[in-house]
Novice: 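Let me give you the structure first, and then I'll get to my questions.
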Amino acid sequence: MFHVLVSDSISSDGLAPLLNDENINVVQKKVSEVDDLEKYDALLVRSATKVTEELLQKMTNLKIVARAGVGVDNIDVEAATKYGVVVINAPDGNTISTAEHTFAMMASLVRHIPQANVSVKSGEWNRSAFLGTELYGKSLGIIGLGRIGSEIAKRAKAFGMNVLVFDPFLTKDRAQKLGVNSCKLDEVLAQADIITVHTPLTKETRGLLGKENIGKTKKGVYLLNCARGGIIDEEALIHYLEIGHVKGVALDVFEVEPPVNRKLLDFEQVIATPHLGASTKEAQLNVASQVAEEVLKFLNGKPVTNSINLPTLTKDIFDKIQPFYKLAKKLGQLASQYMKEPVQHIGIVYEGTVAELETSFITKAFLAGFLGERVDSTVNEVNAGLMAKERGISFSEKIASNGSGYANCIAVQVDGDHRTFSVKATYIPNYGERIVDLNGFDIDFYPAGEVLYVEHIDKPGVIGRVGKVLGDHGVNIATMQVGRKNIGGEAIMVLTCDKLIDDQLIEALVQFDDIVSAKTIHL
Ligand SMILES: NC(=O)c1ccc[n+]([C@@H]2O[C@H](COP(=O)([O-])OP(=O)(O)OC[C@H]3O[C@@H](n4cnc5c(N)ncnc54)[C@H](O)[C@@H]3O)[C@@H](O)[C@H]2O)c1
Ligand SMILES: O=C(O)CC[C@@H](O)C(=O)O
């Protein structure tokens, strides 16, 4: 008999696969009301239950945590991984509901429906106070064109809106298919009449619409956040509402939930809902049945598809693959940070001993590293292939015989909209990972920490200049490697540094005529 604890309000119809199984005992209670936490094999949550390390320590028999929804911000995934607990989610069950909610918020915002509703109910009949704006013909800026952003784009087009999108990872093909205009962030900010954000909350997107960027929007802009609190900075919003730059705001999510920033909510032109994006019968049924079926499969020893953390390989095979899996993931991070542009195709070639292993899993590790820089923490080896395809990125793998001269070698080529990136790497037992070729330059370095990648002309004095700029900025160089194709021609320098390299340092480097470009990569 397996014991399953459902600690948040999750659709009972959706839970049917678990409730109807006679080998499963389902208890629907809050964690705080349960005194035998140690007996449960599975825990099903929405966003109210905080799955902390402390809770995981108490649930000593726990094998799987299932999130009936997308965001796993309420689950300490790292701690779950540490305790060998699989974390799964239901990534697309609430996409349509959230897109529809965002659209409802947008229409309410420009037609002042919530305010007019309150007015009529209080006995007023003030038609002139609620003069609205049509959506037809307006430019809608969508920041983040993933599952939800794409559904909003389709609906906006049906309303006759001009759709401008900023998503650094959107390919030309996908933009064309959806009939949207792929733009730079500044273009969306300058041209859109209404801007809605649909990215995950990451270190890049926290405060994406903050003081500086909201300042670049049109006077009278409308802003919406039905993704995650914090993508639009609440203090900046207050400022731009106070000076009348932002005409109206619709919020379903807040930096702290329930919201504590009363000043923001007190503005007449701010409309709000209590994180209702996914609150429809359909979405709740979808996400509940998705996770219930996955948990049932997992408890019966079958592989699960939407795992956030753990791979579904036997320990024996995983141990052999692990060094290459770690290396491939780093190569994915390296390629993603180097390219920072839409990518069409990723080709991976395996040589030597690595080619004898389960390479499809290593390819997925590369994709997980690559997409993890662009999408969110829910990308892993299990879902990376599907996610890449959804984002218009094709990938292939080949086995090649010798060629590189290394006992094992992973060679990757990434084709972007404007350029190509290539890297070769090897794993040497008892020594470690080495990058042995970058963009066709012979090189040899251990990929870890803060990496500075400089493209330059092979001339005397360039290395000294780079060293001086780093020294002047207080950055200590841990290792340094140079590679060139011919004397006096194109060359690269790869430095690993003990400190974060900031934009000012990069700007100081690219001032020199012989330095073509400089980038930082964090591995
Ligand atoms: N309000 C709700 O109830 C509710 C319900 C479901 C999902 N969500 C939230 O909505 C958001 C979107 O969900 P989704 O399922 O569409 O996710 P998704 O992963 O399918 O899409 C996210 C998109 O954001 C893009 N992106 C990542 N970083 C970016 C950046 N710096 N700038 C611009 N674009 C960037 C990615 O390329 C991707 O296309 C998430 O934050 C999710 O947690 C909220
Ligand atoms: O459970 C909910 O209603 C929140 C859903 C949403 O924020 C998600 O990330 O899926």
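What you see is a predicted model; the values in this text were computed from it and never measured. Every number for a ligand or one of its atoms is a count from 1 in the order of the listing.
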Novice: Going by the atom numbers of ligand 1, which of them fall below 4.0 Å from some non-hydrogen atom of F169?
Specialist: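 It comes down to these atoms of ligand 1: 37 (O).
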Novice: Taking atom types as modelled and ignoring hydrogens, do the side chains of N25 and Y40 form a donor-acceptor contact shorter than 3.5 angstrom?
Specialist: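 No, no side-chain donor-acceptor pair sits under 3.5 Å.
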Novice: What part of L170, side chain, backbone, both or neither, has a heavy atom within less than 4.0 angstrom of ligand 1?
Specialist: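 No part of L170 is near ligand 1 at this cut-off.
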Novice: So, regarding D167 and ligand 1 (criterion: nitrogen or oxygen to nitrogen or oxygen, under 3.5 Å), is there a contact or not?
Specialist: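 Yes, at least one N or O pair falls under 3.5 Å.
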Novice: Verify whether one side chain among D76 and T52 offers a donor that lies under 3.5 Å from an acceptor in the other.
Specialist: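 There is no such pair (donor and acceptor under 3.5 Å, judged by atom type) between the side chains of D76 and T52.
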Novice: Do T363 and E397 have side-chain atoms, one donor and one acceptor, less than 3.5 Å apart?
Specialist: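 Per modelled atom types, T363 and E397 side chains form a pair under 3.5 Å.
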Novice: State whether a side-chain donor-acceptor pair under 3.5 Å links R391 with T171.
Specialist: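 No.
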Novice: Decide whether H245 and T217 meet the rule of one side-chain donor and one side-chain acceptor closer than 3.5 Å.
Specialist: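 A pair is found: one side chain offers a donor N or O, the other an acceptor, under 3.5 Å apart.
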Novice: With heavy-atom distances below 4.0 Å as the criterion, list the atoms of ligand 1 near V375.
Specialist: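 Atoms satisfying the 4.0 Å criterion: 19 (O).
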Novice: Is there a nitrogen or oxygen of G149 sitting under 3.5 Å from a nitrogen or oxygen of ligand 1?
Specialist: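 In this structure, G149 places no N or O atom under 3.5 Å from an N or O of ligand 1.
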Novice: Does anything in residues 168-192 pair up under salt bridge (Lys or Arg N to Asp or Glu O under 4.0 Å), and if so which pairs, sequence neighbours excluded?
Specialist: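 Non-adjacent pairs meeting salt bridge (Lys or Arg N to Asp or Glu O under 4.0 Å): D186-K216.
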Novice: Within the structure, is a non-hydrogen atom of M387 found at a distance of less than 4.0 Å from ligand 1?
Specialist: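 M387: no contact with ligand 1 (<4.0 Å).
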Novice: Going by heavy-atom distance to atom 8 (N) of ligand 1, choose the closest among R206, R174, R228, H198.
Specialist: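 Going through R206, R174, R228, H198 one by one, R228 has the nearest heavy atom to atom 8 (N) of ligand 1.
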Novice: Tell me every residue that passes salt bridge (charged side-chain N to carboxylate O under 4.0 Å, His left out) with R155, counting only those two or more places apart in sequence or in another chain.
Specialist: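 So R155 forms a salt bridge (charged side-chain N to carboxylate O under 4.0 Å, His left out) with E151.
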Novice: Just by distance, no angles: are the side chains of H522 and Q337 close enough, under 3.5 Å, to form a donor-acceptor pair?
Specialist: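 Their side chains do not contain a donor-acceptor pair, so the 3.5 Å distance test is not met.
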Novice: Checking side-chain polar atoms at under 3.5 Å, does D415 have a donor or acceptor matched by the opposite partner on Q413?
Specialist: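 Indeed, the side chains of D415 and Q413 share at least one donor-acceptor pair under 3.5 Å.
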Novice: Which of the numbered atoms in ligand 1 are under 4.0 angstrom from any heavy atom belonging to D252?
Specialist: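 Counting from 1, the qualifying ligand atoms are 1 (N), 2 (C), 3 (O).
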Novice: Once you restrict to heavy atoms under 4.0 Å, what part of C226 touches ligand 1? Side chain, backbone, both or neither.
Specialist: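 Under 4.0 Å from ligand 1, C226 contributes backbone atoms alone.
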Novice: Taking N or O atoms only and a 3.5 Å limit, does P168 qualify as a polar contact for ligand 1?
Specialist: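 No; the residue has no nitrogen or oxygen that sits under 3.5 Å from a nitrogen or oxygen of the ligand.
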Novice: Is the ring centre of Y325 less than 6.0 Å from the ring centre of F361?
Specialist: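 Between F361 and Y325, which both carry aromatic rings, the centre distance is below 6.0 Å.
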Novice: Is a donor from one side chain sitting under 3.5 angstrom from an acceptor on the other, for N306 and N89?
Specialist: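 Side-chain D/A pair, N306 to N89: absent.
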Novice: Sequence neighbours excluded, which residues qualify as ring-ring contact (aromatic ring centres under 6.0 Å, His included) partners of F395?
Specialist: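 With sequence neighbours excluded, F395 shows a ring-ring contact (aromatic ring centres under 6.0 Å, His included) to no residue whatsoever.
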Novice: Charged N to carboxylate O below 4.0 Å: is that the case for R419 and E341?
Specialist: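 Yes, charged N to carboxylate O under 4.0 Å.
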Novice: Under 3.5 Å between some N or O of ligand 1 and some N or O of R147?
Specialist: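 Min N/O separation from ligand 1 is below 3.5 Å for R147.
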Novice: Heavy-atom contacts under 4.0 Å between R391 and ligand 1: side chain, backbone, both, or neither?
Specialist: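 It is the side chain that touches ligand 1; the backbone stays farther off.
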Novice: Do the charged groups of D41 and K63 touch, with an N to O distance under 4.0 Å?
Specialist: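 Yes, D41 and K63 are salt-bridged.
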Novice: Quick check on contacts: which atoms of ligand 1 are under 4.0 angstrom from a heavy atom of A278?
Specialist: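 Close to A278: 3 (O).
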Novice: Short N/O distance, under 3.5 Å, between P91 and ligand 1?
Specialist: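 Checking ligand 1 against P91, no N or O pair falls under 3.5 Å apart.
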Novice: Does T95 have a non-hydrogen atom less than 4.0 Å from ligand 1?
Specialist: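 Contact absent.
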Novice: Do you see a donor-acceptor pair shorter than 3.5 Å between the side chains of S139 and N162?
Specialist: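 S139 vs N162: donor-acceptor pair found between side chains.
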Novice: For the 3.5 Å polar cut-off, considering only N or O atoms, please tell me whether T199 and ligand 1 meet it.
Specialist: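 Yes, at least one N or O pair falls under 3.5 Å.
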Novice: Provide the number and element of each atom of ligand 1 under 4.0 Å from a heavy atom of G144.
Specialist: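 Result: 24 (O), 25 (C), 34 (N).
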Novice: Show me which atoms of ligand 1 lie under 4.0 Å from any heavy atom of H275.
Specialist: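 Near H275, the atoms of ligand 1 are 1 (N), 2 (C), 3 (O).
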Novice: With hydrogens left out, which residues have an atom under 4.0 Å from ligand 2, given that only heavy atoms count?
Specialist: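 The answer is R46, R67, G69, V70, G71, N94, R228, H275, A278, counting any residue whose heavy atom sits under 4.0 Å from ligand 2.
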